[in-house]
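Reviewing the structure listed below.
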2 protein chains.
Amino acid sequence: MARVERVLADEALFRQGDPPEAIFVVLSGEFKATQVTPEGDRVVVRLVGPGDLAGHVSMFCNTPYPATPLAMTESIALAWTHRDFTSLMARHPALSLAVIRNMAQAIENAHTRLREAATERVERRVAHALLRLIKQSGHRIDGGIEISFPITRHDIALMTGATLYTVSRILSAWEEQGIVSGGRRHLVIRAPHALMKIAEEEAPTK
Amino acid sequence: MARVERVLADEALFRQGDPPEAIFVVLSGEFKATQVTPEGDRVVVRLVGPGDLAGHVSMFCNTPYPATPLAMTESIALAWTHRDFTSLMARHPALSLAVIRNMAQAIENAHTRLREAATERVERRVAHALLRLIKQSGHRIDGGIEISFPITRHDIALMTGATLYTVSRILSAWEEQGIVSGGRRHLVIRAPHALMKIAEEEAPTK
DNA sequence: CGACCATTTGATCCCCATCAACTAAAGTGG
DNA sequence: CCACTTTAGTTGATGGGGATCAAATGGTCG
């Protein structure tokens, strides 16, 4: 019943504002779900990797797609129509549960980021973002952990609510300290432990 | 199969960090779901009103409760154990759908707030927050719309990622302009239209 | 090689957090 | 019913984190 959807890097699975025509499950690859504000600012609201759903919000609420999932690498996803997917869920209660579990994690993730955005300064938010990237798609290489898809300072800025300038400064400082390294659209975390310390360290003189 | 839970104002339905023992559906009243950071800062991640779920994230992921829902007024909720609720869902597919729909809205809401937190300045975020409050529990009175539960500047600050000082200044300014009015723990929006203008106005000289 | 994109780095500015002091309303207890 | 405390809110002064502007460098690709 499913349609297989193959998406090249930098292409969109669907577009923000379009009417919902399908719900997707990512099989391989990685997407960044970006929202555009009325003013034209962009934000990355979440990353969508293998096993994650996309388009579910619109599908179940019957609203236009709230974001545009851009493929960061060549990716493959399965697509169902609303009808097919709900009938599938009706026949397999385990599927409903899986959907719910996935959405629950998305909620928790979003709330965590909300909390970070409200209480933490940029450097720490970037540290959290990198740790999340590691967890979602880190790849061990000798001397560190590599982010397995091309990522720019600008992307990181959009994920943390900062500007690419500030992110660049932070990463430059970290590179000097040997915490990260990487070139153009490429990032390796050399000292995850140091990042965790930055991310969690108690604020001084509370 | 459900247990009826009655909660007085300023009491918690459950506490962040506790193991999940039930899932709740709010019948009446209003809760603010607050998260505490390791450093002790607090944030209101969402409002939970009639028809909304609480505790679902933990219940389905089997993780400790991620937040503490504090009752803003006396409230009533129904509680089910995990076992009872899943068996209920298995027997009534419509329930699964309702749960999914509610969670989808929570996700969209969280993403919207994320986007706002990342791109908008405080005044506009406060405007959005007030508009959301109106929508969720506004109550028409002559001369404006009243927020139907006690709310403090501090609460608004926790909802917008600002400080109570900044919120106080903004509301004072708005009060001078006749947009809002209200006293201690009490808020009336006199000119929702003006708020919408503040919330959506194009940034100057883009 | 030339055009474009990612990144870096410096200089400046301003929004808003922070600190501090004060007012006023609401409990509270004798 | 009145001192006393507590909690909510206001307002001024100050400083800093980070946005913004500007310009240069180095990688990639057609």
Side-chain angles (χ1 to χ4, degrees), chain A residues 9-10 32 37 39-44 70 72 116-127 129-130 147 149-177 180-188 198 203-206, chain B residues 8-10 32 37 39-43 70 72 116-127 129-130 147 149-177 180-188 198 203-206:
Chain A
D10 295 322
K32 49 182 175 186
T37 69
E39 284 82 26
D41 301 313
R42 265 182 307 134
V43 180
V44 172
L70 282 174
M72 310 187 75
E116 287 173 10
T119 62
E120 297 177 354
R121 19 205 66 169
V122 173
E123 185 178 36
R124 197 178 292 198
R125 296 209 302 271
V126 173
L130 293 194
I147 305 301
F149 47 77
I151 189 161
T152 67
R153 316 292 189 222
H154 192 68
D155 287 330
I156 298 174
L158 295 178
M159 293 193 287
T160 51
T163 62
L164 85 142
Y165 308 107
T166 305
V167 171
S168 175
R169 279 179 235 274
I170 290 172
L171 290 187
S172 294
W174 285 352
E175 191 149 13
E176 245 168 52
Q177 297 168 47
V180 304
S181 73
R184 189 188 170 82
R185 295 164 66 95
H186 185 254
L187 199 57
V188 176
I198 293 171
T205 64
K206 194 63 203 278
Chain B
L8 298 179
D10 295 323
K32 50 183 173 186
T37 68
E39 283 83 26
D41 301 312
R42 264 182 306 134
V43 180
L70 281 173
M72 312 188 74
E116 288 173 9
T119 63
E120 297 177 354
R121 18 205 68 170
V122 174
E123 185 178 37
R124 197 177 290 198
R125 295 208 303 271
V126 173
L130 292 194
I147 305 301
F149 47 77
I151 189 161
T152 67
R153 318 289 187 215
H154 192 66
D155 287 329
I156 297 173
L158 294 180
M159 293 192 288
T160 52
T163 62
L164 83 140
Y165 309 107
T166 305
V167 171
S168 176
R169 280 178 235 273
I170 290 172
L171 290 187
S172 293
W174 286 352
E175 192 149 14
E176 245 167 54
Q177 298 168 45
V180 304
S181 73
R184 189 189 172 81
R185 294 164 65 95
H186 185 253
L187 199 57
V188 177
I198 292 171
T205 65
K206 196 45 202 279

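Each chain gets a letter, A, B and so on, in the order its sequence line appears, and its residues count up from 1. Computed over heavy atoms, backbone and side chain alike; hydrogens, waters and symmetry mates excluded.
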In the structure I gave you, are the side-chain heavy atoms of [X] and [Y] within less than 4.5 Å of one another anywhere?
| X | Y | value |
| --- | --- | --- |
| Val126(B) | Val122(B) | yes |
| Arg185(A) | Ile151(A) | no |
| Ile156(B) | Ile170(B) | no |
| Lys32(A) | Arg42(A) | no |
| Val43(B) | Thr119(A) | yes |

### Task
Measure distances between side-chain N and O atoms of Arg185(A) and base N and O atoms of dC5(C), and say whether any donor-acceptor pair falls under 3.5 Å.
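No pair found.
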
### First-last contacting nucleotides on DNA chain D - partner chain A, under 4.0 angstrom, heavy atom
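First-to-last contact on DNA chain D, by the 4.0 Å heavy-atom rule, is dG17(D) to dT28(D).
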
### Message
Looking at Arg153(A), I'd like to know whether one of its side-chain N or O atoms comes within less than 4.0 Å of OP1 or OP2 on dT8(C).
### Response
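So the side chain of Arg153(A) is within the cut-off, an N or O lying under 4.0 Å from OP1 or OP2 of dT8(C).
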
### Query
Taking the side chain from Ser172(B) and the backbone from Ser168(B), do they hold a donor-acceptor pair closer than 3.5 Å?
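Between the backbone of Ser168(B) and the side chain of Ser172(B) there is a qualifying donor-acceptor contact (under 3.5 Å).
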
#### Entry: Any donor-acceptor N/O pair, Arg125(B) side chain to Gly161(B) backbone, under 3.5 Å
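Yes, the answer is positive, given that a donor and an acceptor are paired below the 3.5 Å cut-off.
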
Provide, to the nearest angstrom, the distance between the [atom1] atom belonging to [X] and the [atom2] atom belonging to [N].
| X | N | atom1 | atom2 | value |
| --- | --- | --- | --- | --- |
| Leu171(A) | dT8(C) | CG | P | 7 Å |
| His186(A) | dT7(C) | NE2 | P | 12 Å |
| His154(B) | dA17(C) | NE2 | P | 13 Å |
| Leu187(A) | dA6(C) | CG | C1' | 13 Å |

### Query
What distance do Leu164(B) atom CG and Asp155(B) atom CG have between them, rounded to the nearest 0.5 Å?
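Here the interatomic distance stands at 10.5 Å.
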
### Task
Give, ordered by number, those residues of residues 156-169 of chain B having at least one heavy-atom distance below 4.0 Å to an atom of DNA chain D; if nothing qualifies, reply none.
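The stretch gives Tyr165(B), Ser168(B), Arg169(B) as the residues lying under 4.0 Å from the strand, ordered by number.
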
### Task
Using a 4.0 Å heavy-atom cut-off across all strands, classify Arg121(B) as base, sugar-phosphate, or nothing.
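Answer is sugar-phosphate: Arg121(B) comes under 4.0 Å of backbone atoms only.
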
### Task
Could you check Leu130(B) against Trp174(B) for side chain to side chain contact (heavy atoms under 4.5 Å, CB included), going step by step and ending with a plain yes or no?
CA-CA 12 Å; Leu130(B) 292 194; Trp174(B) 286 352; 3.7 Å; yes

### Query
Taking the nucleotide of DNA chain D with the closest heavy atom to each, which residue, Glu175(B) or Arg184(A), is nearer the 5' end?
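Counting from the 5' end, the first nearest nucleotide belongs to Glu175(B).
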
